[in-house]
Undergrad: 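I am attaching a structure below and will ask some questions about it afterwards.
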Amino acid sequence: TQQCNIQGQWRNNLGSNMTIQSVSDNGAFAGVYLTAVSSVNTKIVESPLTGFWKKSKQPMIGFAVKWAFSDSLTVWAGQCFLNENNEEVLHTTWLLRSKQKALQDNWKATRIGVDTFTRLK
Ligand SMILES: O=C(CCCC[C@@H]1SC[C@@H]2NC(=O)N[C@@H]21)Nc1ccc([N+](=O)[O-])cc1
């Protein structure tokens with residue numbers, strides 16, 4: 001029966017591309033992330049990604065991207081579900097942390113959002 005596999009290429013609702021290249025037996029994986037959007041005026045470049053998945057028919061996933069072009073870092077947590085057409089969809093929530101100069105600015109350092117990823121054919 002069909003089940004979600006996380007290896008390969010994914011695209012999210014913003015048009016960002018995630019490529020999961022290597023998956024270990026303990027569920028760790030690595031890859032690269034190319035975001036389609038950013039709120040800093042530096043050139044967007046591919047950034048390293050690492051995470052874990054918990055194997056099952058509809059596995060849980062957690063991963064982080066350290067942005068290579070910005071003093072910030074994002075973590076995603078979510079789960080893969082099969083939709084009515086038996087296609088894999090990753091439903092995630094993310095936290096985007098940007099570096100602050102001072103503790104007084106810590107209050108404004110973390111953004112939250114949701115991203116949905118579908119497999120790139
Ligand atoms: O903009 C950035 C770096 C790029 C973040 C892309 C986000 S990650 C969640 C969402 N899903 C995606 O595929 N792409 C977006 N960093 C940043 C953001 C804000 C500030 N800030 O100062 O507010 C500084 C750096």
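Atoms within a ligand are numbered from 1 in the order they appear, just like the ligands themselves.
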Undergrad: Does a donor on one side chain and an acceptor on the other come within less than 3.5 Å for R111 and S39?
TA: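 There is such a pair between these side chains.
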
Undergrad: Can you check whether F81 reaches C4 side chain to side chain, under 4.5 Å on heavy atoms?
TA: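 Contact flag for F81/C4 side chains = no.
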
Undergrad: If you round to the nearest 0.5 Å, how far is CZ of F69 from OG of S47?
TA: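 Answer rounded to 0.5 Å: 5.0 Å.
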
Undergrad: Measuring only between side-chain heavy atoms, which start at C-beta, is V40 closer than 4.5 Å to W67?
TA: no

Undergrad: Check whether more than 12 heavy atoms from other residues, nucleotides or ligands sit under 6.0 Å from atom CG of N41, and answer yes or no.
TA: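 No, the 6.0 Å shell around CG holds no more than 12 heavy atoms from other groups.
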
Undergrad: Do the side-chain N and O atoms of Q58 and S56 include a donor-acceptor pair separated by under 3.5 angstrom?
TA: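 No, no side-chain donor-acceptor pair sits under 3.5 Å.
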
Undergrad: What does the 4.0 Å heavy-atom contact list look like for ligand 1?
TA: N12, L14, S16, Y33, T35, V37, S38, S39, V40, W67, F69, S70, S72, T74, W76, W94, L96, S98, R111, D115

